[in-house]
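Here is the structure we will look at.
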2 protein chains.
Amino acid sequence: MNHLELRPPTMADVARLAGVSHQTVSRVLGDHPNVREETRARVLRAIEEMGYRRNSSARALATRRTRTLGVVAANTTLYGPASTLFALEDAARAAGYTVSTVSLHKLAKETLSEALDHLSEGGVEGVIALAPQRSAVEALAELRHPFPVVVVGTGSGAEIPSVNVDQQLGARLATGHLLAAGHRTVWHLAGPEDWQEAADRVTGWRTTLEAAGVEPPKPLRGDWSPLSGYRAGQELAGWVGRGLTAVFVANDQMALGVLRALREAGVRTPQDVAIVGFDDIPESEFFAPPLTTVRQDFATVGKHSIALLLDLIEGRAPSGTPGVAIEPHLVVRASTAPD
Amino acid sequence: MNHLELRPPTMADVARLAGVSHQTVSRVLGDHPNVREETRARVLRAIEEMGYRRNSSARALATRRTRTLGVVAANTTLYGPASTLFALEDAARAAGYTVSTVSLHKLAKETLSEALDHLSEGGVEGVIALAPQRSAVEALAELRHPFPVVVVGTGSGAEIPSVNVDQQLGARLATGHLLAAGHRTVWHLAGPEDWQEAADRVTGWRTTLEAAGVEPPKPLRGDWSPLSGYRAGQELAGWVGRGLTAVFVANDQMALGVLRALREAGVRTPQDVAIVGFDDIPESEFFAPPLTTVRQDFATVGKHSIALLLDLIEGRAPSGTPGVAIEPHLVVRASTAPD
DNA sequence: CCATGAATTGTTAGCGCTCACAATGTGCCT
DNA sequence: AGGCACATTGTGAGCGCTAACAATTCATGG
């Protein structure tokens with residue numbers, strides 16, 4: 001309880017109590033095979049009795065392994081990043097690693113550099129960067145760092161190893177769903193230009209329309225926030241009755257704003273305009289109306305990222321198929337089909 | 001770039017290149033006053049040239065300070081915990097500490113114990129526990145750990161130092177606001193019994209009603225999820241016209257569910273029933289209608305928690321006024337007042 | 001009964017850094 | 001010029017652990 005007690009016991013202390021050498025204690029802790037059962041028991045008892053814990057710094061110094069990974073991210077209060085963070089942490093811990101996180105307000109080159117410095121000082125063996133913006137990856141590619149880095153969510157620009165959800169597929173699912181429901185065309189409210197995900201969703205949307213022989217309308221731009229969706233929604237409302245019957249919105253939060261703007265403009269969803277979002281945040285199911293959206297599997301993203309990073313750290317050939325994006329799924333709700 | 005390069009340079013390497021002793025390099029890095037300006041420059045140049053970085057493990061071993069804090073949390077994808085996590089990380093980094101996070105699915109005693117073990121193995125100097133459930137604090141109190149622990153969000157049971165938002169005040173603001181608007185009574189959809197915040201909000205709501213001479217209706221229970229709010233909302237709808245004109249919902253997600261259930265039942269908000277939520281998640285402003293809610297200042301929570309933990313680690317008397325809860329604020333929107 | 005090898009344990013030397021102290025250099029006063 | 005205080009630098013000893021090797025024990029079989 002009292003952390004100010006004299007200094008914590010060392011391996012030598014345990015060894016003394018157990019009547020063995022410190023090396024034997026180390027062997028027991030390391031699950032070495034060649035330790036007599038009785039000795040092991042004696043050592044374990046001594047460890048228990050003294051409440052001994054290995055000193056991680058000394059261990060790290062001797063082994064040259066800190067068993068710590070770093071994660072750099074921005075916007076960690078948003079559902080997507082928060083979920084990814086969670087999955088990463090889970091996967092890393094399962095692999096016996098500790099995770100140090102640096103949450104930034106913005107992924108500018110300078111802050112990124114400071115973050116890597118901070119993690120580097122902390123002795124991480126590798127870093128996962130949740131860098132959805134292209135500029136962030138570019139900055140990352142220019143930065144020197146003494147450990148491998150894996151990027152999550154910024155396509156495979158090939159400069160840096162990465163793990164991704166197939167955003168284009170997600171957009172194709174969304175757009176295709178609307179076309180299949182009989183809509184002649186599908187409008188798109190996109191995310192910020194600099195975001196890879198936003199770009200990929202635009203591409204997926206555009207190609208789906210083109211494949212169907214439809215000229216894509218000019219996409220609108222938002223910044224992921226409900227407010228920007230609201231503003232775009234007001235603009236979209238003006239096109240109702242002039243060919244706009246379906247909108248694919250690049251994320252659920254903006255879709256929420258769009259829904260509100262349409263409702264205020266007297267436009268009914270889905271009767272007048274069908275809406276599809278992206279992310280499947282927990283709230284989406286209870287929007288007015290419940291939102292059809294695209295769900296990403298963050299747990300898988302986390303597992304793959306950690307696996308890839310560990311491969312790089314160990315110097316093995318990456319075990320997962322490289323460049324394979326994780327498949328998202330369409331979740332159909334009332335915003336595209338009256339129930 | 002290549003992390004498999006020969007072994008990274010050591011302080012001795014830098015010293016050799018700069019023509020000084022390793023101790024002088026250490027002094028330069030430690031900003032020691034007594035180093036000649038010219039020497040310092042020479043050392044810094046050598047450091048730069050070799051791309052030297054101090055080995056944190058060796059440093060930690062020698063100083064007995066890891067400069068690492070741990071955070072244990074569950075439900076980190078929710079807005080509140082995610083925001084707190086962010087604030088904690090920010091505050092810790094500002095204080096020169098690295099943060100290791102353990103995100104749990106559930107704060108059971110066993111998982112908590114494993115989490116503390118994991119962090120302990122990682123050499124943390126102290127831990128912040130985001131433990132909103134009373135059972136979690138109790139479990140925490142029973143566990144032995146060789147470092148100080150600060151709990152966030154579970155009242156001041158006094159067993160463990162804690163930092164809190166004044167949930168009762170928040171509930172009083174919400175309930176008072178509704179009473180002031182002329183409602184005769186206010187119903188309450190509470191969070192899970194075991195959660196301290198839920199209990200505090202119930203208390204704040206109840207005392208406000210009692211102070212106004214109103215007998216509080218029996219509170220409903222939800223589990224924070226929109227779905228549970230939806231179910232409760234269906235039940236609440238049945239009381240409309242029989243005295244129910246206002247509901248204080250213990251969080252915004254449930255309020256979303258309530259709003260939907262009421263709408264489906266043909267009950268208008270706020271004309272027929274006014275709703276107040278709690279949390280002010282980013283979506284709340286765009287609900288149908290926009291939600292009046294209570295905002296918590298997570299950044300302050302983060303700063304206070306870290307400050308308190310560092311005080312405990314350093315063995316100082318806590319600098320902040322102990323037990324002082326952080327004030328939340330009411331954000332009034334259309335769900336309680338037609339615009 | 002002793003040689004032989006395997007199983008088990010101990011010994012020694014760092015890992016790269018900081019701390020305490022020793023040694024040297026510098027300026028200034030008398 | 002000598003001496004003293006102070007600034008500056010160097011030296012040695014760990015911090016607590018693991019890795020490599022050395023030493024010991026133990027069972028076997030000839």
Side-chain angles (χ1 to χ4, degrees), chain A residues 5-44 46-47 50-68 96 98 120-125 146, chain B residues 5-44 46-47 50-68 96 98 120-125 146:
Chain A
E5 273 160 26
L6 356 169
R7 123 175 355 178
T10 85
M11 201 169 256
D13 297 331
V14 173
R16 205 169 309 121
L17 178 61
V20 297
S21 76
H22 65 132
Q23 178 59 15
T24 296
V25 178
S26 176
R27 286 196 183 95
V28 169
L29 254 21
D31 264 341
H32 241 76
N34 292 347
V35 178
R36 210 193 316 155
E37 200 42 59
E38 189 254 318
T39 313
R40 176 190 312 279
R42 198 142 36 87
V43 169
L44 288 176
I47 288 176
M50 308 190 76
Y52 169 76
R53 331 213 46 152
R54 258 190 304 206
N55 178 317
S56 59
S57 306
R59 207 161 122 70
L61 180 57
T63 58
R64 302 152 169 287
R65 301 291 311 260
T66 59
R67 301 233 146 236
T68 298
T98 290
S120 187
E121 293 280 337
V124 297
E125 294 182 24
Chain B
E5 273 161 24
L6 356 170
R7 126 175 351 181
T10 87
M11 201 169 253
D13 297 332
V14 173
R16 205 169 309 122
L17 178 60
V20 297
S21 75
H22 65 128
Q23 177 59 18
T24 297
V25 177
S26 176
R27 287 196 183 95
V28 170
L29 254 21
D31 264 341
H32 240 77
N34 292 347
V35 177
R36 208 192 317 156
E37 199 42 58
E38 189 253 321
T39 313
R40 176 189 311 279
R42 197 142 37 87
V43 169
L44 287 176
I47 287 176
M50 307 189 78
Y52 169 75
R53 331 212 46 151
R54 256 191 305 206
N55 178 317
S56 59
S57 306
R59 206 161 124 72
L61 180 57
T63 59
R64 301 151 170 287
R65 301 289 313 257
T66 58
R67 303 231 144 237
T68 299
T98 290
S120 188
E121 293 281 338
V124 298
E125 294 182 24

State, with a plain yes or no, whether a side-chain heavy atom of [X] is found less than 4.5 Å away from one of [Y].
| X | Y | result |
| --- | --- | --- |
| B:Val25 | B:Val20 | yes |
| A:Arg27 | A:Thr39 | no |
| A:Asp31 | A:Arg40 | yes |

To the nearest Å, give me how far apart [atom1] ([X]) and [atom2] ([N]) are.
| X | N | atom1 | atom2 | answer |
| --- | --- | --- | --- | --- |
| A:Glu37 | D:dT25 | CD | P | 21 Å |
| B:Glu38 | D:dA7 | CD | C1' | 15 Å |
| B:Leu61 | D:dA13 | CG | P | 18 Å |
| B:Leu29 | C:dC17 | CG | P | 9 Å |
| A:Arg42 | C:dT8 | CZ | C1' | 12 Å |
| B:Arg7 | C:dC17 | CZ | P | 12 Å |
| A:Ile47 | D:dC17 | CD1 | C1' | 13 Å |
| A:Arg59 | D:dC17 | CZ | P | 10 Å |

Residues from residues 13-25 of chain A lying under 4.0 Å of DNA chain D - heavy atoms: A:His22, A:Gln23

A:Leu29 side, atom CG; A:Arg59 side, atom CZ - distance, nearest 0.5 Å: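 Rounded to the nearest 0.5 Å, the CG-CZ separation comes to 7.5 Å.
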
Nearest-0.5 Å distance, CG of residue A:Leu17 to OH of residue A:Tyr52: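 Going from CG on A:Leu17 over to OH on A:Tyr52, the span is 13.0 Å.
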
Sidechain N-carboxylate O distance under 4.0 Å for A:Glu121, B:Arg53: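 Looking at B:Arg53 together with A:Glu121, the answer is yes, because their closest N to O distance falls below 4.0 Å.
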
Sugar-phosphate only, base, or nothing, as touched by B:Asn55 at under 4.0 Å among non-hydrogen atoms: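 Sugar-phosphate: the residue B:Asn55, judged by heavy atoms under 4.0 Å, touches backbone atoms but no base.
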
Touch class at under 4.0 angstrom, heavy-atom based, for A:Thr39 against every strand present: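 Answer is sugar-phosphate: A:Thr39 comes under 4.0 Å of backbone atoms only.
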
Closest heavy-atom pair and its distance - A:Glu125, A:Arg67: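 In this case the closest contact between A:Glu125 and A:Arg67 is OE2-N, 2.5 Å.
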
Nearest heavy-atom neighbours spanning A:Gly123 and A:Thr66: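 Shortest heavy-atom contact: O-OG1, 2.6 Å.
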
Closest to side chain of A:Arg27, choosing from D:dC21, D:dG16, C:dG16: D:dC21

Test item: B:Ser57 side-chain N/O and A:Ala60 main-chain N/O as donor-acceptor pair under 3.5 Å: no

Polar side-chain atom of A:Thr98 near backbone of B:Gly122 as donor-acceptor pair, under 3.5 Å: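 No, the answer is negative, given that no donor and acceptor are paired below the 3.5 Å cut-off.
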
Does [N] have its OP1 or OP2 closer than 4.0 Å to a side-chain nitrogen or oxygen of [X]?
| X | N | value |
| --- | --- | --- |
| A:Arg36 | C:dT9 | yes |
| A:Arg54 | D:dT18 | yes |
| B:Arg64 | C:dC19 | no |

Residue met sooner reading DNA chain D from 5', once B:Thr63 and B:Val35 are mapped to nucleotides: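 Nearest-nucleotide comparison on DNA chain D picks B:Val35.
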
Inter-end axis angle, the helix from C:dC1-D:dG30 to C:dT30-D:dA1, with every axis fitted to five base pairs (rounded, 10 degrees):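 The angle separating the two end axes equals 60°.
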
